[in-house]
Protein chains: 2
Amino acid sequence: MDKEVEVLNHLWTDIYYQLRYNHQEKITHQGIRILQVIEKEDEVGIKEIANVIQVSHNTASEHIKRLLGKKYVFKTRSSKDERKVILRLSEIGSDVLHRHSNLDEEKLKEILFEQMSDEERKLILEAFTLLWERAKDVRNS
Amino acid sequence: MDKEVEVLNHLWTDIYYQLRYNHQEKITHQGIRILQVIEKEDEVGIKEIANVIQVSHNTASEHIKRLLGKKYVFKTRSSKDERKVILRLSEIGSDVLHRHSNLDEEKLKEILFEQMSDEERKLILEAFTLLWERAKDVRNS
DNA sequence: AAGATTATATCTTATACTACGATACAAATT
DNA sequence: AATTTGTATCGTAGTATAAGATATAATCTT
């Protein structure tokens, strides 16, 4: 059981190491984590950021200031509560995030459509969908 | 075709977002990249590091100095060429890297062994192995 | 063996990132 | 009107990032 988990992790990291984008612009660790949260959650404000990356609200505010300066994110305000900021990714921010967390589209295309049969491609998609389904509501300890 | 690639990337990033480790110690972006290279390649020295993360050799040397200070890596020297440093991950470094790139073992166990049938688990392993096989020798543009 | 090359290390300098306490302020709640 | 909430800014401080200049030891070249 531990063995199988270990194998899967090895496959996971190897695949990412091989298929990720090579060219990566300068961005900090905290920057990426923040962009990820904004992309994956909705209605994210300063407080949520501070919570997720475990820093004080003022530090979170500073991080957002830098990301704003780089045009990676932009702010809107909640219509319900005018104090509350709602952060969204700009197109640039979205691109930067993808180049740091997605698999390289060119490489994926080559693998899926040049090196695989329709059967094999279907297997991959099925397996990922299944894992995604089960991952959605795993308890978050 | 583009659509399928996009879907797969979406699944990939969602799965990672859900299943990664929550507790992450302080480490910089460059730090992680360097640990990854040391883990995935062999006989890595200062020059290779500089090359992969695209900085000058002196900057790479400084990075390694910091990682040494944190006991994430240790140095040996090549027996063939005594000038050449060979970097290896310490146990601590290996742990830190895993908490930043692997899927959370506890979550994986729960999903694979509590929420899946033997059939389903087999499907996942098969698909990942297939993708891994094909990813190994994709051209690195 | 002398000179050139290679691999790394160190020093200096400059800028950016990270983090937090203190303070401020406007919107919302009581 | 007073309090709470969500965010922003200022001051301060430590660390990270990066590269040029310089140094050193091992290896290769001639």
Side-chain angles (χ1 to χ4, degrees), chain A residues 23-38 41-88 92-93 96-97 99-100, chain B residues 23-38 41-89 92-93 96-97 100:
Chain A
H23 165 57
Q24 309 202 336
E25 48 279 282
K26 300 266 149 66
I27 178 151
T28 67
H29 186 209
Q30 297 294 55
I32 297 171
R33 290 186 69 194
I34 292 170
L35 296 183
Q36 274 172 347
V37 176
I38 296 175
E41 313 286 346
D42 52 82
E43 308 275 298
V44 177
I46 303 293
K47 205 184 150 187
E48 287 78 17
I49 299 288
N51 219 321
V52 173
I53 69 169
Q54 290 288 299
V55 294
S56 68
H57 58 99
N58 33 19
T59 299
S61 184
E62 306 266 12
H63 281 298
I64 296 302
K65 204 198 281 181
R66 271 189 297 276
L67 294 174
L68 275 167
K70 288 179 178 163
K71 311 267 193 204
Y72 289 177
V73 302
F74 60 92
K75 281 181 186 173
T76 55
R77 291 272 170 175
S78 167
S79 50
K80 286 164 253 160
D81 182 343
E82 277 290 329
R83 292 168 307 181
K84 168 111 183 148
V85 162
I86 294 173
L87 295 163
R88 304 224 179 280
I92 307 172
V96 169
L97 175 58
R99 275 195 292 279
H100 275 88
Chain B
H23 166 60
Q24 308 201 336
E25 46 279 284
K26 300 267 150 63
I27 178 149
T28 68
H29 186 208
Q30 297 294 54
I32 297 169
R33 291 186 69 195
I34 292 170
L35 297 184
Q36 274 172 347
V37 175
I38 296 175
E41 313 287 345
D42 52 81
E43 307 275 297
V44 177
I46 303 292
K47 204 184 152 188
E48 287 79 18
I49 299 287
N51 220 321
V52 173
I53 69 170
Q54 290 288 298
V55 295
S56 68
H57 58 98
N58 31 19
T59 299
S61 183
E62 304 268 13
H63 282 298
I64 296 303
K65 205 199 278 180
R66 272 191 297 276
L67 294 174
L68 276 167
K70 289 178 179 162
K71 311 268 191 201
Y72 289 175
V73 302
F74 60 93
K75 281 181 187 173
T76 55
R77 293 271 170 175
S78 166
S79 51
K80 286 163 254 162
D81 181 344
E82 278 289 329
R83 293 168 306 178
K84 168 112 182 149
V85 162
I86 294 172
L87 295 163
R88 305 226 178 277
L89 293 188
I92 306 172
V96 169
L97 174 59
H100 276 88

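Every heavy atom of this structure was used, including side-chain atoms; hydrogens, water molecules and symmetry mates were not. Throughout, a chain's letter reflects where its sequence line sits, starting with A, and its residues are numbered from 1. These numbers were taken from a predicted model, which means no experiment stands behind them.
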Inset, instruction - Would you mind building the protein contact string for nucleotides 24-30 of chain D? One character per nucleotide, 5' to 3', B for base within reach (heavy atoms under 4.0 Å), S for sugar-phosphate only, - for untouched. - result: --BS---
Inset, instruction - Tell me whether the OP1 or OP2 atom of D:dT17 has a side-chain N or O from B:Thr28 closer than 4.0 Å. - result: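 Yes, such a contact exists.
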Legend entry - A:Gln30 side chain near C:dA19 phosphate (N/O to OP1/OP2, under 4.0 Å):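 Yes.
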Partners meeting salt bridge (Lys or Arg N to Asp or Glu O under 4.0 Å) with [X] (sequence neighbours left out):
X: A:Arg99; result: A:Glu25
X: A:Arg83; result: A:Asp81
X: A:Glu43; result: A:Arg88
X: A:Glu82; result: none

Inset, instruction - Give every residue pair that meets the side-chain hydrogen bond (donor to acceptor under 3.5 Å, both in side chains) criterion with at least one member in residues 46-55 of chain B, sequence neighbours excluded. - result: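 Output for this query lists B:Glu48-B:Lys84.
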Tell me: [atom1] of [X] to [atom2] of [N], nearest whole Å?
X: A:His29; N: D:dT17; atom1: NE2; atom2: P; result: 12 Å
X: A:Leu87; N: D:dG6; atom1: CG; atom2: P; result: 14 Å
X: B:Ile34; N: D:dA18; atom1: CD1; atom2: C1'; result: 12 Å
X: A:Lys84; N: D:dA8; atom1: NZ; atom2: P; result: 11 Å
X: B:Ile53; N: D:dA16; atom1: CD1; atom2: C1'; result: 12 Å
X: A:Asn58; N: C:dA19; atom1: CG; atom2: C1'; result: 8 Å

With [X] via side-chain contact (heavy atoms from CB on, under 4.5 Å) - residues at least two apart:
X: B:Gln36; value: A:Tyr17, A:Arg20, B:Ile32, B:Leu97, B:Ser101
X: A:Lys65; value: A:Glu62
X: A:Thr76; value: A:Phe74, A:Ile86
X: B:Thr59; value: B:Val55, B:Ser56, B:His63

Legend entry - From A:Ile34 atom CD1 to A:Tyr72 atom OH, the distance as rounded to the nearest 0.5 Å: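 Taking CD1 in A:Ile34 and OH in A:Tyr72, the distance rounds to 12.5 Å.
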Inset, instruction - Could you list by number each residue of residues 42-50 of chain A showing a heavy-atom separation from DNA chain C of less than 4.0 Å, or answer none if no residue does? - result: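 Result for residues 42-50 of chain A: none.
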Legend entry - DNA chain C-proximal residues of residues 59-74 of chain B, any heavy atom under 4.0 Å: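 Heavy-atom contacts with DNA chain C come from B:Ser61, B:Glu62, B:Lys65.
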Legend entry - Shortest non-hydrogen contact between A:Ala60 and A:Ile49, atoms and distance: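 For A:Ala60 and A:Ile49, the tightest heavy-atom pair comes out as CB-CG2, 4.1 Å.
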Inset, instruction - When you get a sec, tell me which of D:dT7, D:dG20, C:dC20 is the closest nucleotide to the side chain of A:Arg77? - result: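 So the side chain of A:Arg77 is nearest to D:dT7.
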Inset, instruction - With DNA chain C as reference, determine whether B:Lys26 or B:Ile86 sits nearer its 5' end, using the nearest nucleotide of each. - result: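 Comparing both residues, the 5'-ward one is B:Ile86.
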